[in-house]
Every structure is written in C-alpha cells, then in structure tokens.
Asks: 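Structure provided below as structure tokens; questions to follow.
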Amino acid sequence: MTSEPHLVRVPDQVSVDGLEDKWVPAWEKEGVYRFDRTKARQQVYSIDTPPPTVSGSLHVGHVFSYTHTDTVARYQRMRGREVFYPIGWDDNGLPTERRVQNYFGVRCDPSLPYDPSFVPPDKPGKDVMACSRQNFIELCERLTVIDEQAFEEVCRRLGLSIDWAMTYQTIDKTARAISQRAFLHNLARGEAYQAEAPTLWDVTFRTAVAQAELEDRDRPAAYHNIAFNGPDGTKISIATTRPELLPACVALVAHPDDKRYQELFGRAALSPLFNVKVPVISHRLADPDKGSGIAMVCTFGDLNDVTWWRELGLDTRTIVGRDGRLIPEPPPGLDDDTGRTAYADLAGATIHAARERIVALLRDSGDLQGEPEPIVHAVKFYERGDRPLEIVSSRQWYIRNGGRDDDLRAALLDRGNQLEWHPDHMRVRYANWVNGLTGDWLISRQRFFGVPIPIWYPLDGHGQALYDKPLVPDDCDLPVDPTSEPPPGYHEDQRDQPDGFVADADVMDTWATSSLTPHVAGRWSVDGDLFERVFPMDLRPQGHDIIRTWLFSTVVRSHLEHDSLPWQHVAISGWILDPDRKKMSKSKGNVVTPVGLLERHGSDAVRYWAASGRPGTDTAFDEAQMKVGRRLAVKILNASRFVLGLGIADDVAAVTDALDRAMLAELAAVVNDATSSFEGYDYARALERTEKFFWTFCDDYLELVKVRAYGEYGEQRANSARGALAVALSTLLRLFAPFMPFTTEEVWSWWRPGSVHRSSWPVATDLYAVCGDVDPRVLSTAASVIRTVRKSKSDAKLSMRAEVERLTVRGSRGFLGLFEEARHDVQAAGHIAQIDVVTTSEEALVAEVSL
RNA sequence: GGGCGCAUAGCUCAGCGGGAGAGCACUCGCCUUACAAGCGAGCGGUCGCAGGUUCAAAUCCUGCUGCGCCCACCA
C-alpha cells in the first residue's frame with residue numbers, strides 16, 4: 001500500500017471557525033454530494049428524508065435527527081454506495097393554510113375562479129380577502145420559498161450531505177399530480193371508497209379527522225344523574241357527563257346479565273323534558289360498574305354510541321351541527337309539544353351553553369337527581385385542536401388500511417415484521433397501532449388548502465349528485481382542481497346545473513400526500529427511470545411519534561401500489577429533552593435557535609452532540625457536550641498539524657517498530673467495530689469507539705513516538721513512526737468524516753487530493769497488511785508504564801519534562817518482552833536517565849520511579 | 001387496564017456474565033518545541049429495591065418501586 005507522494009501544506013495556525021464558510025460552497029461547486037443517476041439500484045443507497053414542516057424555523061430536534069441520518073448517508077457514500085439523499089418541504093396542510101391566511105390577510109374560497117392577476121392586500125388587515133384555491137396555493141408557494149431558503153441555509157451549514165438539486169415541495173405540481181394519481185389507482189382497485197358514516201369532527205376547523213390524528217386529554221367533567229320514566233312509572237337513573245345530548249337520546253342500554261334491568265329489556269322509557277320514547281336494550285358493551293350501569297345512547301356522544309347505534313340499528317337523532325352548536329330544528333322523534341318548547345330553548349346554543357341550560361331545566365323539573373359529581377376523564381381531541389371532537393354523520397373518502405379487513409391487517413402486520421427497525425423494539429409500536437385500528441383511513445378533509453380529491457359527480461335532472469358514479473380526470477391532466485376545472489366530457493357552464501356535474505370540494509389529508517414521499521422524491525410516474533433506481537428505498541429516518549401516521553401510511557400506500565415495503569430500514573430518532581427531562585417544547589426550542597448553536601459552537605461540535613444520542617433514545621439538550629465536540633475538533637486539527645509537520649513517510653514498508661504496528665493493530669479493531677456499528681445503524685457507537693481510540697492515540701502513542709519521529713534515533717526508526725502516523729491519520733480522518741465533515745475535510749485538504757467524503761471507508765485488512773502479526777499489548781504496556789512515570793511527577797508537583805533518575809520495571813518474562821519493544825520510546829517520552837528491568841514470577845508489570 | 005423503554009459517580013452517559021468506566025464539574029499540579037480554549041494527576045459509586053440462576057451477576061431470570069412514552073378507558 002504505497003500512496004502517491006503529495007504536497008503537504010499545513011497552515012501555521014489552525015481554527016475550527018470559518019470552516020463552514022469555506023467548505024459549504026466548495027462542496028457545492030465540486031458537486032461532492034450530487035446523485036449520479038446512471039447508477040443501478042444495487043449501487044444506490046436511497047433515503048426517504050422527512051420533509052420538515054415549513055412553518056417558522058427549524059428547531060434543535062431537527063438538527064439532532066437530521067445529523068443522525070447524515071452520518072449514515074456519509075458512511076454509505078464512503079462505502080461506495082451512490083447515495084440518493086433528497087429533501088422536501090412539507091408546505092401542504094393546516095399549518096401553512098393558517099400562516100398564509102395571517103401573513104397575507106386572505107382566505108381560500110374554492111368556489112371562486114382562478115384570478116391570474118390576483119393581488120393580496122397590502123397589509124393583512126381586518127378585511128380578509130377571499131381568493132381561489134389556485135391563488136391560495138400560489139401565495140403559499142410565495143411565502144414558503146422564503147422559509148425554505150432559510151431552512152436550506154441551516155441544513156447546509158449543519159453539513160447535511162443532501163443533494164440540493166433534488167428538492168421538492170409537498171404542495172408543488174408534481175407532488176399534487178403524484179398524490180392524485182396514487183389516489184385514482186387506489187380508487188380503480190377498490191382500495192379507496194366513500195361512505196356516509198358517523199365521523200369524528202373538529203368543530204373549530206370544521207373538518208373530519210382521522211383516528212391517527214386523535215389524542216386524549218384529561219378534562220374536568222361531571223356525572224349528572226338524570227331520571228328517565230320507566231314503563232311502569234318508576235324512575236330509571238342514568239348517569240351521564242353529556243346531559244346536553246338528552247334530546248339526541250335514542251336508547252338505553254344495560255348489560256344482558258345486569259339483574260337490575262332484566263325487567264326493562266324490550267320495553268320503552270320516556271326521556272325527561274323531551275318525552276321521547278326510547279327502547280331499553282341489552283348489550284355486552286354496557287358496563288354494570290359505570291354510573292348506574294345503564295347508559296343513554298345518543299347520536300353521537302362517543303364511539304361507544306356509534307357501536308351501539310350501528311349494532312342495534314337505532315334511530316338517528318342528530319342535534320350537534322358542524323359548527324359545534326345545537327341545530328335549529330328539533331331532531332326527528334321529538335314530536336311532543338313540551339319537548340319542542342324545551343328544545344327551542346337550546347337551539348343554536350354551543351355545547352357548553354346547552355349543557356348549562358339543560359341542567360337548569362332538569363333541576364326545575366325535578367329530573368336531576370342530586371348534584372353533579374365532578375370527575376376528570378379523558379376526552380378525544382384533534383391533535384391540533386382545542387375543543388373536544390364531536391361525532392357527526394357525513395360522506396367521506398376512505399382508503400383501506402386493515403382496520404376493517406383482517407386479511408389486509410395481517411398483511412400489513414407482516415410488512416412491519418419484514419422491516420428492519422433501529423432500534424428493534426420500535427417495531428412493537430407499529431404492531432400495537434395496526435392491531436388497534438378500528439376503521440379504515442379517513443382521507444378527506446373539509447378544508448380548502450391541500451391536494452384536491454380529483455373527483456366530480458354527475459348531477460341528475462333534479463340536480464341531485466350521483467355519488468356512486470364519480471367522474472375521474474384523465475391521467476394526463478393531473479394535477480386537477482375539480483372546483484375550477486370541468487371533468488372530461490363536460491363544460492364549465494354545466495357546473496352545478498341539473499344534468500351537469502358538481503366537484504368534490506374536499507382535499508386529501510396531508511398524510512395522504514406525505515405517505516407518498518418515496519414516490520414524490522423518486523418522481524414516480526413522472527420519471528420512471530429514476531424511480532427504478534431508488535425504489536424501494538433503503539432508509540426511512542423519522543421520529544417515534546409519527547410511526548402511526550407517516551410510517552404506517554407509507555407502508556399502506558406502498559403495499560397497495562407495489563406489493564412491497566417502501567424501504568428496508570427504518571431508523572427512529574428520539575426526542576430532545578429539556579434539562580428537566582421534559583420533551584423540549586417548540587417555544588423553548590425557538591429560544592435556542594439552531595443557527596445560534598451552529599455559530600456559537602461550530603457545526604461539527606453540534607453534530608458531535610447530536611451523534612452522541614443513541615438511535616431511538618431521548619437525549620438531553622446539552623451545550624456542555626457541544627463544547628466537548630468543539631474540543632475534539634480542535635484536537636483533530638492540532639494533532640493533524642503535528643503529524644503532518646513531522647514529515648510524511650508514505651512508504652508503509654518502513655513501519656517496522658513493534659509499537660507502531662501495535663497501534664495500527666488496535667486501530668484495525670476500531671475500524672472493525674465502527675464498521676459493524678454503522679452497519680447496524682449505531683452511529684453513536686461508531687463515534688464513541690473512534691473518539692476513545694483517538695484520545696489514547698494523542699495522549700499515549702503520539703507522546704511516546706514524538707522523539708523518535710523527530711529523528712533522534714535515526715531516519716529508519718523515524719520513518720517507521722512517520723509511516724504509521726500517516727496511515728493512522730488517514731484512517732482516523734475517514735472514521736471521523738461522517739461526524740465532523742468540516743474538520744476532517746479541512747485536514748484532508750492539507751495533504752490529500754479530492755474530498756474525504758468521496759474517499760473510501762477504511763478497512764481493517766489494509767491496516768493488517770501494514771502492521772502484520774503483532775501483539776497489540778505493546779502499546780498498552782508502554783502506556784501503562786509512562787502513566788506511572790507521569791503520576792510520580794505529578795505527585796511530586798514536577799513538570800512532565802523533569803528528569804527521572806531511574807525507572808525500575810519488574811514483571812514476568814512475557815510482560816517484560818512487551819515492554820522491551822517500546823523501551824526506548826518510554827525512556828525518551830519520560831525523560832528517563834536509566835531503566836532497570838527485573839524479571840519476577842508474577843504475571844504483572846510494576847514500575848518504580850526514582851526522581 | 002395492556003404494552004414498550006429507562007434506572008450505573010453531583011451532571012450527561014458507555015459497559016450488558018469474570019477487573020466498576022468515560023466526559024463534564026470539582027481538587028492538586030504543570031508555560032511540555034501540535035494544542036494553556038492545553039496537558040498531567042486525583043477525589044468521587046451497596047451499578048433503583050428484593051429474590052433467583054451461576055463457581056462467578058451492573059450484566060441473565062422473576063417480582064417490586066420510580067420516571068418517560070405508546071395504546072385503551074370516555075355512560
């Protein structure tokens with residue numbers, strides 16, 4: 001292994017400051033991270049990078065997890081894989097919708113036609129201007145381009161080895177076309193369908209939401225005991241936290257084995273205030289221990305009500321409107337005059353107001369038994385909402401995801417098992433979620449901004465929509481906006497006319513597009529040649545909080561479209577925790593901006609902190625750790641300057657000293673360890689091993705060989721050290737390169753051509769070829785002796801340069817043999833006048849120092 | 001209620017069948033021709049608790065406690 005001679009240029013002074021400004025543009029100019037699309041699939045390593053939400057700024061969590069991915073990308077690139085590492089911006093969905101509204105003072109009205117000359121208000125003011133969906137999307141693209149540039153700056157400065165020629169936006173034209181095309185494929189295969197059904201509904205956003213977007217929050221509530229009138233004149237006490245739903249009551253249920261209610265099953269009760277006759281029915285889901293053991297079923301108070309309503313075939317008595325208020329007219333079945341009068345008092349009220357009024361009415365009529373008993377219970381919320389979800393019946397689009405189909409569920413569970421999870425235990429979260437699905441994936445949203453559902457419906461002669469005969473666009477017309485374009489075979493003037501057509505006004509859930517990131521990034525159906533070279537991908541990096549959404553939905557789409565996994569590996573990142581061990585909040589994260597950190601500590605230092613967080617493990621935000629990283633970077637620069645300043649011996653055949661060969665043997669073990677760690681996606685372990693070796697290398701080996709490398713014992717022995725140092729430095733720089741791309745590139749540029757990031761990952765066999773068969777304990781033995789010498793000087797409060805009169809080393813023949821190999825180096829490094837060696841029978845080595 | 005993870009020095013963490021470790025912090029030294037934003041040395045721990053397996057347990061098993069997260073519970 002003889003290298004070409006190189007001109008070595010080592011600066012007099014070194015610094016980690018300014019390396020980002022030097023290398024970011026240089027990498028761009030040289031195209032170091034450009035993807036070479038002539039490579040075949042087996043040569044490619046492709047990454048399904050999470051597209052960050054473009055809303056405000058990146059936070060520390062991004063820096064953390066994107067660094068993890070980048071170390072893997074850099075490792076794979078050095079291993080010779082052509083790395084496909086694009087990034088996209090997630091600017092599709094509610095966060096952007098709200099930002100565009102506030103920033104420009106506009107709102108989206110899909111019923112408006114596109115106005116190419118639309119200009120938003122000068123200043124967002126009280127007069128909110130309405131605009132078409134296409135105009136809204138254009139404003140979004142205008143606003144997000146600013147943020148996206150800022151994001152790109154941060155990512156570049158952080159040293160992410162992304163190919164910046166391949167960015168995409170989840171709202172851009174290609175992404176919309178791909179999203180609609182995939183949906184139409186689902187529709188054609190029967191995987192997408194529409195259904196009229198009770199749906200979880202957010203009254204603030206006025207949209208349906210999916211199971212995956214729910215979260216439970218504890219809310220104060222109260223049990224109200226309400227007296228229903230039994231068939232024989234007795235009172236039936238019902239406990240409820242939602243007394244305002246009394247007019248929506250359609251039945252009472254109790255458990256079939258509950259002795260208290262046997263006589264009532266099959267008979268009817270009369271609700272108080274409204275005098276509606278409701279059946280008393282038995283059902284296994286009724287819990288005898290809850291409340292009075294008998295529940296009122298309302299349409300709809302919770303998901304249990306939906307189950308009872310469906311399984312028992314109950315009436316529908318909707319009273320909550322989509323705005324969260326009680327609807328103006330009493331529901332069917334509420335025919336009694338007193339009841340209608342009572343209802344009139346509630347019509348139009350919010351849930352909260354209706355509750356107060358109905359409690360007052362019940363109190364007046366004597367049908368409230370006792371006082372409400374306060375409790376705290378979990379209530380379902382939309383994760384972005386701040387009012388409890390209601391359940392309304394509506395027509396929605398669904399994609400099959402196994403929630404209502406055991407075969408599909410089993411197939412998707414199997415997909416989860418085929419995936420290689422890092423760390424492995426994360427796979428159970430996937431299985432838990434899939435096993436707990438209660439319905440198909442609801443993808444339609446009653447919002448304006450997003451990818452439109454590419455569907456129209458014909459209208460009959462009476463203007464009624466024929467929902468079971470949806471009209472689809474021609475594939476070549478995608479993306480379409482059905483609210484501003486007519487379906488094939490129709491003219492725009494037939495819109496909303498009898499015998500004409502009507503658009504499906506809904507948009508798709510943001511996850512319906514995000515579930516296609518491998519397709520969007522790989523330009524599926526647009527650039528089939530590229531897609532074949534990158535799909536299925538190798539890696540999906542992401543957080544554990546979105547396993548049930550992004551990860552699962554991507555698996556679903558890939559399973560349905562390609563009958564395959566979307567990627568082979570998934571690497572789960574942990575969260576950043578505050579010093580007080582809580583998940584770092586956005587507000588706090590924004591105080592500590594990534595740019596500030598990168599400027600203060602240097603990118604490599606911040607990356608060092610990030611890469612110290614093990615895969616899937618929540619990690620404390622710790623600037624002290626960044627200081628350690630900075631120190632390491634400075635040390636790499638200084639040690640490299642020293643080694644290169646000694647003069648490089650590129651003739652590795654000169655490496656003859658046992659101490660030098662022992663050091664390389666230990667380094668070979670580190671290379672093996674780092675490599676297998678990276679193969680298992682444990683970048684943190686690879687870093688830790690490399691770093692540990694490096695400090696020993698500096699503190700012990702460099703100190704031991706310094707004098708010899710200067711040439712004090714002749715050129716031949718100096719060249720042994722210089723050759724070993726050159727090999728070690730080259731190896732160490734490459735081991736560090738995935739973690740500290742700036743520092744290692746800087747040093748590499750002093751003495752090697754090209755970029756370290758396109759050099760090859762070190763292999764142990766190259767090192768073994770140089771060091772041959774040697775006992776690696778030569779180095780550790782010498783190091784332990786020199787440590788004893790240092791301790792003596794330190795205890796005597798002397799300089800490390802102080803002379804040692806005599807060093808006596810006692811030990812077994814074997815240990816002394818190891819020591820003898822490095823005797824002269826120890827003597828020089830310790831400034832030792834005389835070394836005596838005494839053979840003993842003990843299997844140990846003891847050094848005595850006489851100062 | 002079900003599941004997953006974590007618990008090792010003051011702090012952040014590594015180790016996961018045979019010696020209890022690193023960095024930070026702290027203490028004491030050292031201008032040593034790569035580095036004083038450095039270097040050397042030191043102090044510091046019943047490895048959460050209780051059992052068990054083993055010649056040997058921080059490490060494997062069982063139970064418990066505490067913390068975090070996921071899911072369920074919503075009358």
Asks: In whole angstrom, give me the gap between the C1' atoms of B:A7 and B:A50.
Replies: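 Their C1' atoms lie roughly 16 Å apart.
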Asks: Take N1-N3 plus N6-O4 or O6-N4 for Watson-Crick, N1-O2 plus O6-N3 for G-U, both under 3.5 Å. Which runs of 3 or more such pairs involve RNA chain B?
Replies: B:1-7 with B:65-71, B:10-13 with B:21-24, B:26-30 with B:38-42, B:48-52 with B:60-64
Asks: Just N and O in the side chain of A:Lys706: are any of them under 4.0 Å from OP1 or OP2 of B:A34?
Replies: yes
Asks: Considering only NZ, NE, NH1 and NH2 on the basic side and carboxylate oxygens on the acidic side, decide whether A:Arg387 and A:Asp202 come within less than 4.0 Å.
Replies: no
Asks: So, does A:Lys380 get its side chain near the phosphate of B:C73, meaning an N or O under 4.0 Å from OP1 or OP2?
Replies: yes
Asks: Can you find a side chain N or O atom of A:Arg548 that sits less than 4.0 Å from OP1 or OP2 on B:C71?
Replies: yes
Asks: State whether A:Tyr710 places a side-chain N or O below 4.0 Å from either non-bridging phosphate oxygen (OP1 or OP2) of B:A34.
Replies: yes
Asks: Please report the distance separating the C1' of B:G19 from the corresponding atom of B:U59, rounded so that it comes out in whole Å.
Replies: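 These two C1' atoms come out 14 Å apart once rounded.
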Asks: Just by distance, no angles: are the side chains of A:Thr240 and A:His224 close enough, under 3.5 Å, to form a donor-acceptor pair?
Replies: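 Result is no, nothing qualifies.
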Asks: Any donor-acceptor pair under 3.5 Å linking the side-chain atoms of A:Glu215 with those of A:Tyr382?
Replies: no
Asks: Take atom C1' in B:G42 and the same atom in B:A22, then report the distance between them in whole Å.
Replies: 16 Å
Asks: Counting side-chain heavy atoms from C-beta on, which of B:C74, B:C24, B:G68 comes nearest to A:Asp216?
Replies: B:C74
Asks: Between B:C28 and B:C64, how many Å separate the two P atoms, rounded to a whole number?
Replies: 49 Å
Asks: Just the atom pairs and distances: protein N or O near nucleotides 39-42 of chain B's N or O, under 3.5 Å.
Replies:
| residue | atom | partner | partner atom | Å |
| --- | --- | --- | --- | --- |
| B:C39 | OP1 | A:Lys635 | NZ | 2.7 |
| B:C39 | OP2 | A:Arg631 | NH1 | 3.3 |
| B:G40 | OP1 | A:Asp699 | OD1 | 3.2 |
| B:G40 | OP1 | A:Asp699 | OD2 | 3.4 |
| B:G40 | N2 | A:Ser794 | OG | 2.9 |
| B:G40 | N3 | A:Ser794 | OG | 3.4 |
| B:A41 | O4' | A:Ser794 | OG | 3.3 |

Asks: Does B:U32 have OP1 or OP2 under 4.0 Å away from a side-chain N or O of A:Arg801?
Replies: yes
